[in-house]
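This report refers to the structure that appears directly beneath it.
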2 protein chains.
Amino acid sequence: MTAQARYRLIAEELRAAVRQGEYRDGGRLPSEEGLAQQYGVSRGTVRQALAVLRAEGTVTSRRGTRRVALESPPLHDFAELLSFSRWARSQGLEPGSRTVRQEWHPAGPEEAAQLRLPQGAQLFRVVRLRLLDGRPAMVERTAYPQAVGELVAPLPADTFSVTEQLERVGVLLTDADHTVDLTVADPQDAELLGCAPGAALLRERRRTTDPAGAPVEWSEDRYLPGVMAFTVHSSRAVPGLGRHSADGP
Amino acid sequence: MTAQARYRLIAEELRAAVRQGEYRDGGRLPSEEGLAQQYGVSRGTVRQALAVLRAEGTVTSRRGTRRVALESPPLHDFAELLSFSRWARSQGLEPGSRTVRQEWHPAGPEEAAQLRLPQGAQLFRVVRLRLLDGRPAMVERTAYPQAVGELVAPLPADTFSVTEQLERVGVLLTDADHTVDLTVADPQDAELLGCAPGAALLRERRRTTDPAGAPVEWSEDRYLPGVMAFTVHSSRAVPGLGRHSADGP
DNA sequence: TAGTGGTCTAGACCACAGC
DNA sequence: CTGTGGTCTAGACCACTAT
């Protein structure tokens, strides 16, 4: 919630106003010049705030006319995207976690490519069963490069949010690439989730990197149907979402 | 490809340089001041260009150190996200389309909510079977509000890209909200796609809006497994992706 | 301490929408 | 034509990283 920069504060205020329907009559916001005077800042600062809202999908923008308020889905913290536990709590659900297995293991081809390590490099693999309100919801298979693995390995097996622990130790997660598609339950999935082998699961694969661009984790999460959905806003101005051929990239 | 603004040209050049591994030795880009001199523009313009690349996931940024080039998945046009045909062609696949049914119909509750129309308002419904290289790939059920429907209705039934046609008539699509999850084939899906009823399908629901924020289409697309995957980049700086409880929002 | 990106200002001109 | 957002400039100061 803390946001020092003026433009972030202004963005928060405007976002709240838009969500509360402040500008619902036609949906048009005040002009940039008007907002600048209202907040006592320069137009540039107002534009920075509005750029945030445009990227979120909270407002549109178009040369010649005032900005328009959009109805948009509720926002999620970046952190909620990386941490199952944080996400669950934000949804009012009780997260649970059971570590099924963890081990040091040489990197396979996919892991090596995703973590940008030579094949066979030592990495730390963890398989966890994630629960929502006590019921199995997702199987998570994560691989950490050696340096990160050495921080993860000593954590108690029932650690809820590894992500939060990593942040506490100073590992910063700033960017992630996600791929979402469909897969089928293998025998281990089936046993852990309590579904039939071969049953369809929603799959998210994710590579997370730190500010230096170095991969911090590579994870494949498999959700039971009906548990979770991904949402994303895309706009001509700010791309980001993509549609790819199966199993890519 | 055309990009008038200087910062867009600079962004394109830098993107190309990064993708070609220009800055791979450690991955650090020149300083903003350096780039400004190199391109003969002010630092502000360079920063605009870099903001584009940061939002894409092409570079990171962090106070105190130079920017770092990220390995990131290939980019997709916003247009490719909205148009199945355009996307297919960009993947080197031959798109096909068969209109299964189209009709004027009063809006149901979901349609009304998504298109922000009163329940029972007339809208134009279209069901299409989409093909890739001649094989069934996806079933698309789209609803258009009346004004848009009147533009879509007269199009020939085998029109490949309705989206492209709409743009040609001056309908601008600028923003979209996507929800991705898993569903099961109903009898119509099964017949069209040639799968078993009850088989799992990857589902994308999408509301597209114009620059004024008015909904232009509401669509539910159901893909056969193995045909398609969604990718998205998320970062602490530029949120956008979300994870939601099932069936929401 | 030097270099870098983050924030903010004050002004200018342009392209486009809508009257 | 007027008002609006889009682009660009030239400068300033600050917060942070790395040495």
Side-chain angles (χ1 to χ4, degrees), chain A residues 2-12 14 23 26-55 58-70 170-172 174-175 210-214 235-238, chain B residues 2-12 14 23 26-55 58-70 170-172 174-175 210-214 235-238:
Chain A
T2 49
Q4 301 174 336
R6 301 263 232 136
Y7 79 87
R8 289 191 189 278
L9 295 171
I10 295 171
E12 275 183 26
L14 287 175
Y23 306 112
R28 298 171 66 211
L29 272 70
S31 71
E32 295 177 354
E33 203 52 65
L35 288 169
Q37 288 181 17
Q38 180 183 327
Y39 286 103
V41 298
S42 76
R43 191 181 153 214
T45 302
V46 166
R47 281 182 63 79
Q48 262 185 297
L50 290 168
V52 172
L53 303 187
R54 185 190 56 181
T58 300
V59 303
T60 58
S61 64
R62 193 182 171 206
R63 202 164 5 204
T65 37
R66 290 203 177 169
R67 286 185 162 78
V68 169
L70 284 182
V171 177
L172 294 175
T174 57
D175 287 78
D210 70 10
S235 84
R236 184 154 247 118
V238 186
Chain B
T2 49
Q4 302 174 336
R6 300 262 233 139
Y7 78 88
R8 289 192 188 279
L9 295 171
I10 295 171
E12 275 182 26
L14 286 174
Y23 306 112
R28 298 170 66 210
L29 273 69
S31 71
E32 296 178 352
E33 202 53 65
L35 288 170
Q37 287 181 18
Q38 180 182 327
Y39 286 104
V41 297
S42 76
R43 192 182 154 213
T45 302
V46 166
R47 280 183 63 79
Q48 261 185 297
L50 289 169
V52 172
L53 303 188
R54 187 189 54 181
T58 300
V59 303
T60 58
S61 65
R62 192 183 172 205
R63 211 179 339 221
T65 35
R66 290 203 177 168
R67 285 186 163 80
V68 168
L70 285 181
V171 177
L172 293 176
T174 57
D175 286 78
D210 70 11
S235 85
R236 185 154 245 119
V238 186

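All chains are named by letter (A, B, ...) in the order of the sequence lines, taking the proteins before the strands, and each is independently numbered beginning at 1. This is a predicted model, so every value here is computed, not measured.
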Handout entry: Residue mapping more 5' on DNA chain C - nearest nucleotide basis, A:Gly44 or B:Ser31
Key = B:Ser31
Exercise for the section: Look only at the side chain of A:Ser61 and the backbone of A:Arg67, and say whether a donor-acceptor pair between them is shorter than 3.5 Å. Expected result: no
Handout entry: A:Thr60 side chain to B:Gly213 backbone, donor-acceptor under 3.5 Å
Key = no
Could you check how far [atom1] of [X] sits from [atom2] of [N], rounded to whole Å?
| X | N | atom1 | atom2 | answer |
| --- | --- | --- | --- | --- |
| A:Leu9 | C:dC8 | CG | P | 8 Å |
| A:Arg6 | D:dC14 | CZ | P | 15 Å |
| A:Glu32 | C:dA10 | CD | P | 16 Å |
| B:Leu50 | D:dC8 | CG | P | 13 Å |
| A:Gln48 | D:dT7 | CD | P | 15 Å |
| B:Arg47 | C:dC8 | CZ | C1' | 11 Å |
| B:Leu35 | C:dG3 | CG | C1' | 15 Å |
| A:Arg67 | D:dG3 | CZ | C1' | 14 Å |

Handout entry: Pair B:Leu35-B:Leu14, side chain to side chain contact (heavy atoms under 4.5 Å, CB included): steps then yes or no
Key = CA-CA 10 Å; B:Leu35 288 170; B:Leu14 286 174; 4.0 Å; yes
Problem - From CZ (A:Arg47) to CZ (A:Arg54), nearest 0.5 Å - result: 7.5 Å
Exercise for the section: Begin from the C-alpha positions of B:Val68 and B:Leu29 and carry the test side chain to side chain contact (heavy atoms under 4.5 Å, CB included) through to its verdict. Expected result: CA-CA 6 Å; B:Val68 168; B:Leu29 273 69; over 6 Å; no
Handout entry: side chain to side chain contact (heavy atoms under 4.5 Å, CB included) assessment of B:Leu70 paired with A:Asp175
Key = CA-CA 10 Å; B:Leu70 285 181; A:Asp175 287 78; 4.1 Å; yes
What's touching nucleotides 11-17 of chain C from the protein side, N or O pairs under 3.5 Å?
unit_1	atom_1	unit_2	atom_2	d
C:dA12	N6	A:Arg43	NH1	3.3
C:dA15	O4'	A:Arg63	NH1	3.4

Handout entry: Distance below 4.0 Å between B:Thr45 side-chain N/O and D:dT7 OP1 or OP2
Key = no
